[in-house]
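One structure below.
Reckoned from all heavy atoms, side chains included, excluding hydrogens, waters and symmetry mates. Here is how names work: the chains are called A, B, and so on, in the same order as the sequence lines, proteins then strands, and each is numbered from 1.
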Protein chains: 2
Amino acid sequence: MDNEILKYLSKYIPITKELEEEISKIEFIKCFDKGTVLLEEGKISNECYFIIKGCIRSFYLKDGEERTTEFHTEEQAVVPSAYGSNVPSEYYLECIEDTITGVGTPELETEIYQKFPQIESLNRALGEAIMAKQQDSFAEFKMASHEEKYLALLKNRPDLLQRAPQHQIASYLGIKPESLSRIRKRIMNQK
Amino acid sequence: MDNEILKYLSKYIPITKELEEEISKIEFIKCFDKGTVLLEEGKISNECYFIIKGCIRSFYLKDGEERTTEFHTEEQAVVPSAYGSNVPSEYYLECIEDTITGVGTPELETEIYQKFPQIESLNRALGEAIMAKQQDSFAEFKMASHEEKYLALLKNRPDLLQRAPQHQIASYLGIKPESLSRIRKRIMNQK
DNA sequence: TGAAGCCGTTGACTTAAGTTAAGAAAGACC
DNA sequence: GGTCTTTCTTAACTTAAGTCAACGGCTTCA
């Protein structure tokens, strides 16, 4: 099976011949160079992405300063919150690496859900699971010290620290680059 | 329409006679006194709740200290992250007011989804919308000062500050009760 | 090769939150 | 009514993050 999206789906639901044909037919792969901006603040977004390879950073501007909200990597879906709603986006999507994605649209989604209701079921179940996980990690995050947040990131997504520049990591953690630098120094000295 | 759940559903999808009969038949209303613990750490949970009236607080224990993760109020669903999964819960659910809820189970859910796929579609769509909102507010929360977090809560959920004791609000904001007290004093003096 | 920018680090200073402890106010219970 | 508990506030001290500024390393590009 050389289709990444089918490979992903097969983890959760049986892939029928019919489903395989349909998905192969409609899958729409796009490649983006590092630095490509997929969505800008104020623009309407009608695409969502499933990352096959690479990293997409979402961030918004506050007082001219970039605030990173997420780093999306392999096997993750990127659904702009304004996706399909005709509401201008409040944030940016930027590829911080060369990135290969499957691209979806609201129309395509509707079509697939009609033909394959089990995929909508899957998305509901996955969505609920992701939401519960989000709530848990939000709770952890709220009470953690900045150092603990950094250590948690180091543990859960060690690759990110290699893939993204440190000041972006800092804004993702909700701290200033200077603080992150000091935290790293402190941890080094403790060892 | 005297059924709160139907009233809620009718905001999003047309209520057919058949749907109305079915939901009325299966709806299971329970009332709980203030102080009732609906779920304890370590217990399996097989119920989810839709709050008609009241307030349910979810929290977990860390080093013997309660950490409030959410205050669920009217028209909100409370789905324990371990719901239907046979995994012991990591947190508690407690009614901090007399509370009236609709109660759901995984079996009931499956049954409803089979009979009324449009409800599963609705749940998927609502889930995605809630998730996007969660991500946005998480992003705001990360970069906000403690004072800004308090002011945001004051603005978005002013009722909570009347309904829950201050130390629970503090742990919900991720700060110590002493800090919240100081922040409130600071704000009062500024006015 | 040299100038300009970006990035991470460091230092000095300010500000605010955590910690510990104590006390006042309000409620619950007997 | 009086005691006990819970809740909130206040104070003194410690610790760490924000702010501002400077510097060195590295890349880019003319």
- Proximity to the side chain of B/Ser179 - top-ranked nucleotide from C/dA17, C/dT9, D/dA17: C/dA17
- Please answer whether the main-chain N or O of B/Thr73 pairs with a side-chain N or O of B/Gln76 as donor and acceptor at a distance below 3.5 Å. yes
- Nearest-Å distance, CD1 (A/Ile169) to C1' (C/dC7)? 14 Å
- Task: Find the distance A/Ile96:CD1 to C/dC6:C1' and express it as a whole number of Å.
- Result: 16 Å
- Query: Given D/dT9, D/dA17, C/dG8, which nucleotide is nearest the side-chain atoms of B/Arg184?
  - Reply: D/dT9
- Query: Does any N or O in the side chain of B/Ser181 come within less than 3.5 Å of the main-chain N or O of B/Pro177, such that one atom is a donor and the other an acceptor?
  - Reply: no
- Can you check whether B/His167 has a side-chain N or O nearer than 4.0 Å to OP1 or OP2 of D/dC8? yes
- Query: For the pair made of CZ in A/Arg186 and P in C/dT10, what is the distance, rounded to whole Å?
  - Reply: 13 Å
- Among D/dT7, D/dG18, D/dT9, find the nucleotide with the atom closest to the side chain of A/Ile175. D/dG18
- Task: Examine A/Phe141 together with B/Phe141 and report whether their ring centres are nearer than 6.0 Å.
- Result: no
- Query: For the base of D/dG18, is there a side-chain donor-acceptor partner from A/Arg182 under 3.5 Å away?
  - Reply: yes
- Message: As a test of reading the structure: which of D/dC8, C/dG8, C/dT9 is closest to the side chain of A/Ser181, going by heavy atoms?
- Response: C/dT9
- Task: Provide, to the nearest angstrom, the distance between the NE2 atom belonging to A/His146 and the P atom belonging to C/dA17.
- Result: 11 Å
- Rounded off to whole Å, could you give me the CE-to-C1' distance for the B/Met143 and D/dG18 pair? 11 Å
- For atom CD of B/Glu147 and atom P of C/dG18, their distance in whole Å: 14 Å
- Query: If you check the B/Ile183 side chain, which of C/dT10, C/dA17, D/dG18 turns out closest?
  - Reply: C/dA17
- Output the single nucleotide from C/dG18, D/dC8, C/dT10 whose closest atom is nearest the side chain of A/Lys185. C/dT10
- Pick out which of A/Arg67, A/Arg163, A/Arg57 makes a side chain to side chain contact (heavy atoms under 4.5 Å, CB included) with A/Gln168. A/Arg57
- Report the nucleotide, chosen from D/dA16, C/dA17, C/dT19, that has the shortest atom-to-atom distance to any side-chain atom of B/Glu178. C/dT19
- Which class fits the ring pair A/Phe138 and B/Phe138: parallel under 30°, tilted 30 to 60°, perpendicular over 60°? tilted
- Could you give the CG-to-P distance, from B/Asp63 to C/dG18, as a whole number of Å? 15 Å
- Message: I need the NZ-C1' distance between B/Lys176 and D/dT9, as an integer number of Å.
- Response: 17 Å
- Would you mind telling me which of D/dC8, C/dA16, D/dG18 lies closest to the side-chain atoms of B/Gln166? D/dC8
